[in-house]
Amino acid sequence: MKLVWLRNDLRLDDNPALYAACQGTAPVRAVYIATPKQWLQHDESAAKLGFRSAALTNLKSKLAEFGIDFELLQASYFSDIADLLADYCQRHTVTDLYFNREIPLHEQDRDSQVCQRLTALNINCHTSSADLLVCAPIQNLQGQPYKVFTPWYKAWLKQLNNQDNTPLTAPKAVGSALNTPNTEHVKLPNSGEFRDDLWPASEQDALQHLAQFCQRRLHRYSDTRDFPAINGTSTLSPYLASGLVSPRRCLMAIQQTAFEQGWDWRESTWLRELGWREFYRYLMISFPHISQGKPFKTTPQQWPWRENPALLSAWQTGNTGFPIIDAAMRQLVSTGWMHNRLRMLVASFLCKLMLIDWREGERFFMQQLIDGDFASNNGGWQWSASTGCDASPWFRIFNPTTQSQKFDAEGKFIRKFLPELAELDNKQIHNPSNTLRQKLGYPDPIIDYKTAREHAISALNKD
Ligand SMILES: Cc1cc2nc3c(=O)[nH]c(=O)nc-3n(C[C@H](O)[C@H](O)[C@H](O)COP(=O)(O)OP(=O)(O)OC[C@H]3O[C@@H](n4cnc5c(N)ncnc54)[C@H](O)[C@@H]3O)c2cc1C
């Protein structure tokens, strides 16, 4: 018996571990392991776990068609998994375990413990890479890891250009479809509601979402991606974070679209964003301390973060009195997703104008996001707080009102998520007068932008 351990790779297509397990004639089973206590520590959101439950329910029935039985196992923490799997493998006479690697430190420790334990029982562990486009090591001329995105991106693109990026197909069936497939819904512990109208949780939906984005919006992406009222980005992040679609499949879709439309795939702005996703993973591999809640910058520095529960709560609940910030935070809480431009704005607002520790923002995001992804979230927060690698400079502090005027000029996005301001004109909506605020029951600005900015500049200027 061969066993596939599914994790953030909930797909049949381009799944190297599943593909490898299905070679040959031995029967194959698949498991997913819920670790509710660990997930609480990792701030996994109810929305993401709800999405994963639905994705696993769909995948389970597909696996059954391929002759593969699926089982949901449960342990409390990652550290309990080695014993759990050792016991499971012995009960099912498993000879080989297959899984795709995950990058953060905890996950890597968990996987080494599992491999050590199973190898001692003569069970072979086969690992593959499914989450990266480039696995080959990328180093600068001094043989060191890159710390700046642009030169890394050039080297990464060169490698992409030189290697075979063809995705694997779905594996071949290992037997006839299961006669009595277990059709029970998978329900992961701590899971909750998610917006299945926006992100139906199946691999077919993910692939269709990708195809539609490439056909209709990819060529306009660089013009539309910064405007939250426009459907200008792919909104594929929940699918990528849980692995319902692979980065290689996305790359192939870019290449095919570019070929059909007659442009060079290497110049795709969207590919550059997939590059950011991979850069943050590269950093996590190259600088493991990032996985431990530490700032990327290790030089001793007195960070100015302060505790202020009232400010933090106003930010979390969308009651700062800055319409674009509040609309963004309400988008996050009501849909589990936020537009990238707004993620940058609300993060700058929290870390710089409120001087609250970026880790509070990182944690709250993970607790809400349907696309919560440790590397991208940590990278985005450290970039915003200027503690990271190739981060925004410490003196870059977004002005929420001018950003709102620029990227939501007609206030369409604000009106959608702050209906109490819907009647305001296009000028007032970005910063309503005191009288209008009182009339509409909308809070006064919780900070004075100019003073907060000056304070932040002097607090952060410690170089
Ligand atoms: C403070 C902060 C926190 C973030 N937290 C997360 C997170 O938890 N999960 C997450 O997937 N992304 C995160 N991002 C990155 C980015 O905001 C989202 O990936 C993007 O908004 C998702 O929307 P989309 O799928 O339409 O992206 P598109 O613009 O269509 O981009 C395609 C894909 O590329 C990747 N990507 C795009 N931009 C980035 C970026 N800046 N950094 C890393 N990957 C990127 C995502 O996988 C995305 O789905 C964060 C950014 C910031 C500033």
query = So with a 6.0 Å cut-off around CD of Gln428, is the heavy-atom count from everything else above 12?
reply = yes

ask   = For Arg341 and Asp226, what are the C-alpha separation, side-chain angles and deciding distance, and is it a salt bridge (charged side-chain N to carboxylate O under 4.0 Å, His left out)?
value = CA-CA 6 Å; Arg341 165 99 351 223; Asp226 273 320; 3.1 Å; yes

query = Ignoring hydrogens and geometry, is there a side-chain-to-backbone donor-acceptor pair from Lys2 to Gln23 under 3.5 Å?
reply = yes

inquiry  = Treating Tyr442 as the side-chain partner and Glu420 as the backbone partner, does any N or O pair qualify as donor plus acceptor under 3.5 Å?
reply    = no

task = Taking all heavy atoms of Pro247 and all of Arg277, pick out the closest pair and write down the distance.
result = CG-NH1, 3.7 Å

Side chain to side chain donor-acceptor pair (under 3.5 Å) evaluation trace for Thr387 with Gln382 = CA-CA 5 Å; Thr387 58; Gln382 295 225 40; 2.9 Å; yes

query = Is the side chain of Ser53 donor-acceptor paired with the backbone N or O of Leu188 at a distance under 3.5 Å, no angle test?
reply = yes

task = Begin with the C-alpha distance, continue with both residues' side-chain angles, and end with the deciding distance and a verdict on side chain to side chain contact (heavy atoms under 4.5 Å, CB included) for Ile429 and Leu418.
result = CA-CA 10 Å; Ile429 195 139; Leu418 291 184; over 6 Å; no

task = Using only heavy-atom distances, determine whether the side chains of Asp131 and Asn100 contain a donor-acceptor pair under 3.5 Å.
result = no

ask   = Would you call the rings of Phe279 and Trp152 parallel, tilted or perpendicular if under 30° counts as parallel and over 60° as perpendicular?
value = tilted

query = Using 4.0 Å as the upper bound for N to carboxylate O, is an ion pair formed by Asp13 and Arg11?
reply = no

ask   = Would His209 and Thr235 count as having a side-chain donor-acceptor pair, cut-off 3.5 Å?
value = yes

ask   = Within the side chain of Lys60, is there an N or O that forms a donor-acceptor pair under 3.5 Å with the backbone of Glu184?
value = yes

inquiry  = Nearest 0.5 Å, please: how far is NZ in Lys406 from NE2 in His430?
reply    = 13.5 Å

query = Aromatic rings Trp270 and Phe213: how do their planes relate, parallel, tilted or perpendicular, breaks at 30° and 60°?
reply = tilted

task = Answer yes or no: is there a side-chain heavy-atom contact under 4.5 Å between Ile254 and Leu274?
result = yes

Side chain to side chain contact (heavy atoms under 4.5 Å, CB included) evaluation trace for Gln256 with Phe259 = CA-CA 5 Å; Gln256 274 173 350; Phe259 178 73; 5.6 Å; no

request  = Run the numbers on Phe194 and Asp196 for side chain to side chain contact (heavy atoms under 4.5 Å, CB included), then give the verdict.
outcome  = CA-CA 6 Å; Phe194 71 100; Asp196 57 358; 3.4 Å; yes

task = Salt-bridge test for Arg52 and Glu44: reply yes if a basic N is under 4.0 Å from a carboxylate O, no otherwise.
result = no

query = Is there a donor-acceptor pair under 3.5 Å between the side chain of Arg110 and the backbone N or O of Tyr77?
reply = no

inquiry  = Contact between Val186 and Phe70 at the side-chain level, heavy atoms closer than 4.5 Å - yes or no?
reply    = yes

task = Identify the residue among Lys352, Arg396, Lys297 that makes a side-chain hydrogen bond (donor to acceptor under 3.5 Å, both in side chains) with Ser386.
result = Lys352

remark   = Tested for ring pair (Phe, Tyr, Trp, His ring centres under 6.0 Å) against Trp276, the lone hit among Trp156, Tyr282, Phe149 is Phe149

task = Please confirm whether the backbone N or O of Trp39 pairs with a side-chain atom of Asn190, one donor and one acceptor, at under 3.5 Å?
result = no

Phe78/His42 under ring pair (Phe, Tyr, Trp, His ring centres under 6.0 Å): CA gap, chis, key distance, verdict = CA-CA 11 Å; Phe78 282 173; His42 286 183; 5.4 Å; yes

query = Any luck finding a side-chain donor-acceptor pair between Asp373 and Tyr280 under 3.5 Å?
reply = no

ask   = Ignoring hydrogens and geometry, is there a side-chain-to-backbone donor-acceptor pair from Arg359 to Gly293 under 3.5 Å?
value = yes

query = After noting the C-alpha distance and the side-chain angles of Asn58 and Ser202, does the key distance pass the side chain to side chain donor-acceptor pair (under 3.5 Å) rule?
reply = CA-CA 6 Å; Asn58 285 316; Ser202 77; 4.7 Å; no

Non-hydrogen side-chain atoms of Ile324 and Gln403 separated by less than 4.5 Å = no

Side chains of Trp265 and Leu251 in contact at under 4.5 Å (non-hydrogen atoms) = yes

message = As a quick check of understanding, evaluate side chain to side chain contact (heavy atoms under 4.5 Å, CB included) for Asn377 and Met366, giving each step before the final call.
response = CA-CA 8 Å; Asn377 194 39; Met366 276 310 275; 3.4 Å; yes

key: More than 12 heavy atoms of other groups within 6.0 Å of His126 NE2   = yes

message = Using the rule given for salt bridge (charged side-chain N to carboxylate O under 4.0 Å, His left out), can you reason through Asp371 versus Arg343, listing the C-alpha separation, both sets of side-chain angles and the distance that settles it, and then say yes or no?
response = CA-CA 13 Å; Asp371 67 10; Arg343 294 189 203 208; 2.8 Å; yes

inquiry  = Any side-chain to backbone donor/acceptor pair from Thr35 onto Ala75? Under 3.5 Å, distance only.
reply    = no

ask   = Is it true that the side chains of Glu362 and Asn378 contain a donor and an acceptor less than 3.5 Å apart?
value = yes

inquiry  = So Thr233 and Asn340, do their side chains get closer than 4.5 Å, heavy atoms only?
reply    = no

Among Gln159, Arg248, Arg281, the one residue meeting side-chain contact (heavy atoms from CB on, under 4.5 Å) with Leu133 = Arg248

request  = Assess the side chains of Tyr88 and Glu71: does a donor N or O sit below 3.5 Å from an acceptor N or O?
outcome  = yes

request  = Can you establish whether the number of heavy atoms outside Glu193 located under 6.0 Å from its atom CD is more than 12?
outcome  = no

query = Are Ser384 and Trp358 linked by a side-chain donor-acceptor pair shorter than 3.5 Å?
reply = no

ask   = Between the side chain of Arg101 and the main-chain N/O of Gln108, is any donor-acceptor distance below 3.5 Å?
value = no

query = Shortest non-hydrogen contact from Ile370 to Ala47?
reply = CG1-O, 4.1 Å

request  = Have a look at Phe349 and tell me which of Phe322, Phe398, Trp315 forms a ring pair (Phe, Tyr, Trp, His ring centres under 6.0 Å) with it.
outcome  = Phe322

message = Test ring pair (Phe, Tyr, Trp, His ring centres under 6.0 Å) on Phe51 and Trp199; report intermediate values, then the result.
response = CA-CA 8 Å; Phe51 177 78; Trp199 294 284; 7.7 Å; no

Side-chain heavy atoms of Leu350 within contact of Phe364, under 4.5 Å = no

Between CG on residue Leu85 and CH2 on residue Trp5, distance to nearest 0.5 Å = 5.5 Å

query = Are there more than 12 heavy atoms of other residues, nucleotides or ligands under 6.0 Å from atom NZ of Lys427?
reply = no

inquiry  = So that I can tick it off, tell me whether Arg7 and Glu107 are bridged by a salt bridge, with the cut-off set at under 4.0 angstrom between side-chain N and carboxylate O.
reply    = no

message = One thing to verify: whether Arg195 and Asp197 come together as a salt bridge, which I'm taking to mean a side-chain N less than 4.0 angstrom from a carboxylate O.
response = yes

task = Would you name the heavy atoms of Gly318 and Arg330 that are closest together and state the gap between them?
result = O-NH2, 2.8 Å

Centroid-centroid distance, Phe296 to Phe287, less than 6.0 Å = yes

message = Please check this pair: side chain of Asp14 against backbone of Leu168, looking for a donor-acceptor N/O pair closer than 3.5 Å.
response = yes

